Structure formats: structure tokens, C-alpha cells
Amino acid sequence: MFLRGTCGKYKSYLCAMNKRVRVRFAPSPTGGLHLGGVRTVLFNYLFAKKHGGDFILRIEDTDQSRFVPGAEEYILQTLNWCGLTPDESPLAGGPYAPYRQSERKAMYKQYATQLIDAGHAYIAFDTPAEIEEMRNNFKTPENPSPQYNQAVRAKMRNSLSLSKEEVDALLVANTPHVVRIKMPDNEDVTFTDMIRGEVSFNTSQVDDKVLLKADGMPTYHLAVVVDDYLMKISHAFRGEEWLPSAPVHLLLWKYLGWANDMPQWAHLPLILKPDGNGKLSKRDGDRLGFPVFAMDWTDPKTNEKNTGFKEHGFLPEAFVNLLAVLGWNDGTDQELFSITDLIEKFSMERVHKGGAKFNYEKAKWFNAEWIKNADNAYLASLVQPYFEEAGIQVQDKSYLEKIIGITKERCILLPDFIIQAGFYFAAPTSIDTASIAPKWDDNKKNFFEALCSAFENSNSNDPTILENIFKELTATQGLKPGELMLPMRIMLVGGKFGPGVFEIAATIGVADAVARIKHALTLL
RNA sequence: GGAGCGUUCGUCUAACGGUUAGGACCUCAGGUUUUCAUCCUGGUAAUACGGGUUCGAUUCCCGUACGCUCUACCA
């Protein structure tokens, strides 16, 4: 399928060929990045890389009251962890710097002025209290939230309702004011969304959005259009929650005289909470026992902590993979995709329209698959920090890699290696004697004592030899091997899990195995 | 309230007018593993509803229901 939509009077795919692909992720630094945010990053990144274009990070910090220290650094770190590093950003710089809107403040005013001069915007002096009053006055059961629109703007204090002298006087007096877009009365604004196809709004339904705030900062609406234009953005992807304000942006592109340069839009479906309905929020994660943020995030103002996929033990490759297929697929049964695969196969047209409920069980499945298929040395580097935290000493790196190779298929999350592989590095600290005790008797005790001697005498680290010793001994003592395997396993690893007992004994060394058995015998 | 967007197994999805509606997760039943996990085999389970259009609708159109998003000097 070709890219749909029009770009000026030309078909979009012609534009796409002529215009360098430049996309941006434009978060406001108000907190950690959650699943939906990272997926938006991912789709932007994939689209850019697929078309040999640029991926830009632009920080939309026009609202000082919501600014959260550390959030920008967190976003950068998250993108790095995911391997979705932007080509241009506040950190990396680039030809269209600065990439923080607060640092671009001076650039926006001239465009607001241009809009006023052209009659597409006006100055409004209404105080918050006056607007509040208007809303109360016009509120009816049928219209619970009246808008500042063509129906009421004549009754408010603005450059449309006031005389030029009054306006000038107010301006000279430094009266706080905003700039609002003047929405046309009854005009259909239609555009083609790459995911949804043709989408249409009537301007009578949208209000006169504030473009420039009283503090001189632009609102999102003005800033996004100006910056996308100035930064030569070719495709603009954002969450579905932006769809209703798309007509404002469309009109702005037109009024500013940039219609032919307008990016193609795609509004991404939302990620929904697993239980009930509604968009996934940061509160859902830890409430339901899974992370929603990419990495741990603690809000410096509230001290509220949200855990992250990284710290829960997800591989970045798995995280990216599971995000990619949340609302997108390549049309085949393939579910496991590397980033290279994704870049090759991604297409915006195959993104789903409907929102997707997040399913943590499936997310873990992706991680388990990635762990099973991952390179041992790579896994070792990721597991090491968890071992250090758990107090597990690793002397020999190649030994660690070997152990990871034989235990990785039993691990779903990285911390699982602590249990599944920890006993290869140190004797278990707790031994599940409760599972041995009920059937424990002197015959078994004697057997294990004899086994220790036999093992010591053999001085062998060959699993087959150890198994033969074990079986011969059970035979001579008239015992069933099956009744002794489980106790031995528990003595070696601490519980009912792990690879074959003789493989374990051989791997940790017969001396260590004997020591563990002897220690366990003191507990029974 | 209004506007917009959406709706296939419990969940994520495939099927761009013709399939016994496919796959994956979950779950269930077997098998392998003298443990656990992996792995293998198999099962249950879906086109929201009502009208059209059509020889034929999951697919196109209309309506209804339901859900979501927006309706801030927040993004």
C-alpha cells in the first residue's frame, strides 16, 4: 500500500521521495517515560531508520509549572537503554538547535504576530476569573463545558470585541494577555492520517485555542507547528489523544503559509490498562504488579516511585520487541523481531487503529524468548549486577557464561538467574529440608554418607561417572534411585529445581558437592 | 452534553468480498524431563447488534449499542 494522503497538490508518496524523512519525538519533561511514550519513540525511530531519515528528540518544556528536574536526563537514558538514540537532541545538538522549546521562546512570538496581522489570531485580555465566569454563565445541562469560541468571543475582552484604542491602551498598560487562534465559523478541515485514512472535523466544534500564553511562552499548538516547520519535520507521529486538536494544527500550517511543507500525520492507538478500560496510566503498573515505566523513576516532588522494565529484568531487545507488536504486526505469524528486523519490516500503514490492552504475561514471554536466544556473554554482562546485589561472587567470567548457557532456558526475567544459577557459585543458604524430612530415615542417611566417600574416592568431575557411582551404591544398598535423587538435588541446590543432579555435581566439582551433602546431613 | 476515533477467541492479533475465521499469550489435557523449567502433541475459546449493497460479507455502506480520547494560559 502506498502512503496515503496529499501533500499540497501532489500525491504524498511523491513528496516522500523528494523530501528527506525527519521525524521527532517531543515529550514534555514531566516525569518518567511509560510504555506508550516509548512505543511512540520506537515507531518514530523505526520509520526514520527505514527511510534513511533523521530521528529527533525535542523537549517540549513550555509549561514551567509542570517541569520536573531530572526528567529530561531520564528520557535520554531511557532512549539509550532501548537503543533508540536520537540523531539530534538537546544533548547531541544538531543543525536546528536548540532542541528545548524553552530555549526557543523568542522564535514563537513573530509567528503569533504574523497570525494576528493576517486576521487568523487575536489578542485576548480575559483573566482566568473572567473565563471561569463565562464558563459558569454559559454552562447548561446540554453544554457542561462551554468553549471560548466564535459564539462567545464577541462577549469577551479581546482585540475582536474591543476598539483599537482600548486594545492599545491595555497593551501600553502591560495588561496580561494571550493570543488566540480565530477559528473559522463553519469549515470542514480534512486530512489524511497514515493510520486512519481520511479524518474530518468541523471548525465550529473547536475552540479558539490559546497560542501564546501570558508569560510569552507558546502553547503546544503553536510550538509544535512552528518547530516542526523550522526543523523540517516530514512526518509527525503522536498519540491518538491529539486527534481532536489536529484541525488547529492543520489550520495553523495553512495560515502561516506553510501548507505545502506540512508533515504527514499519524495518530497512534493508545495502550490501555489490562483490567477495565482506559488508557494505561503510571498508577496502574505497580497497582497490578508490573512496571509501566521503561526504567525506575522517582518523582522528585512527590517521592512517588515507579518501577521500570529495565530493573524488573527485561532485556532492552525484548522490551522493544514487545512494544513493537503492541498495535503492529508484519502480516505474518512472526512475533520475535530484532531491531534490525523491525527497521526492515515496519510500516505505519500496518499499525492498528484500535487501542491495545497491555498484557504482562505476554510481555514476560517475550523476555523469556529473548533470554533463551541471547548470547551467553551478553547475558553474563546483564546478570552480573544482579549477582553483585545478591552477594554472589563471580571469579571466572567464562564459568559464568557457561552456567548462564545451561540455566537460561529456565529464566523469564534476569533476576531469575539468582535462584536458577546462584547455587553454582555458592552453597545454598537455605535448604528445603522440609521436603526431605518426611521420608528421611537411617538407611538414607547411611547411603549419603557412603556416597560422599565414594565421590571423594572417585575424585571425578564427570557426570556419567558420578551417576554410575550413585546407581551402583543404590543397588548394593537395596534402595531406589528415585527416592534419593530428590534429596540429593535439594542438598546441592537448596530446592526442587535446576538441571540434572549429576551435571550440577560435576559442574560445581565433586569436592564441593560432597561438602554440600555433608552440610545438609547435619540439618536432618 | 458535544465532537472525533474505535470494536475478530479472556488478551495481542491474521484474514485488504469467497478460509472448516489462522497464529501467539493465558488456560486445560497428554508426552518428555526420576525435580523444576524448557520442549513436543492436542483441546476449549471470537467476527458487538440490526439493517442494507452483493451470487457471496469479519471485510463495503447506514443505524444502534458499547468503549475510549478530547472538550485548560497541560502536553
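Fair warning: this is a prediction, and the values are worked out from it, not measured in the lab. Proteins get letters first, then strands, A, B, ... in listed order; numbering begins at 1 in each.
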Legend entry - Residue met sooner reading RNA chain B from 5', once A:Gly354 and A:Thr332 are mapped to nucleotides: A:Gly354

Inset, instruction - Determine the Euclidean distance between corresponding C1' atoms of B:C55 and B:C39; express it in Å to zero decimal places. - result: 49 Å

Inset, instruction - Could you name each residue pair satisfying side chain to side chain donor-acceptor pair (under 3.5 Å) that touches residues 480-493 of chain A, not counting sequence neighbours? - result: none

Inset, instruction - Both distances under 3.5 Å, Watson-Crick or G-U wobble: report the partner of B:A29, or none. - result: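 B:A29 is paired, partner B:U41.
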
Inset, instruction - Report the base-pairing partner of B:A3 (Watson-Crick or G-U wobble, both distances below 3.5 angstrom), or none. - result: B:U69

Legend entry - Options B:G10, B:U13, B:G4, nucleotide nearest the side-chain atoms of A:Val199: B:G4

Using whole Å, report how far [atom1] of [X] lies from [atom2] of [N].
| X | N | atom1 | atom2 | result |
| --- | --- | --- | --- | --- |
| A:His221 | B:C74 | NE2 | C1' | 10 Å |
| A:His249 | B:A75 | NE2 | P | 11 Å |
| A:Asp330 | B:A24 | CG | P | 15 Å |
| A:Asn359 | B:U11 | CG | C1' | 5 Å |

Inset, instruction - Would you mind building the protein contact string for nucleotides 61-71 of chain B? One character per nucleotide, 5' to 3', B for base within reach (heavy atoms under 4.0 Å), S for sugar-phosphate only, - for untouched. - result: ------SSSSB

Write down the protein N/O and nucleotide N/O pairs, taken from nucleotides 39-45 of chain B, whose separation is under 3.5 Å; answer none if there are no such pairs.
unit_1	atom_1	unit_2	atom_2	d
B:C39	OP1	A:Lys372	NZ	2.7

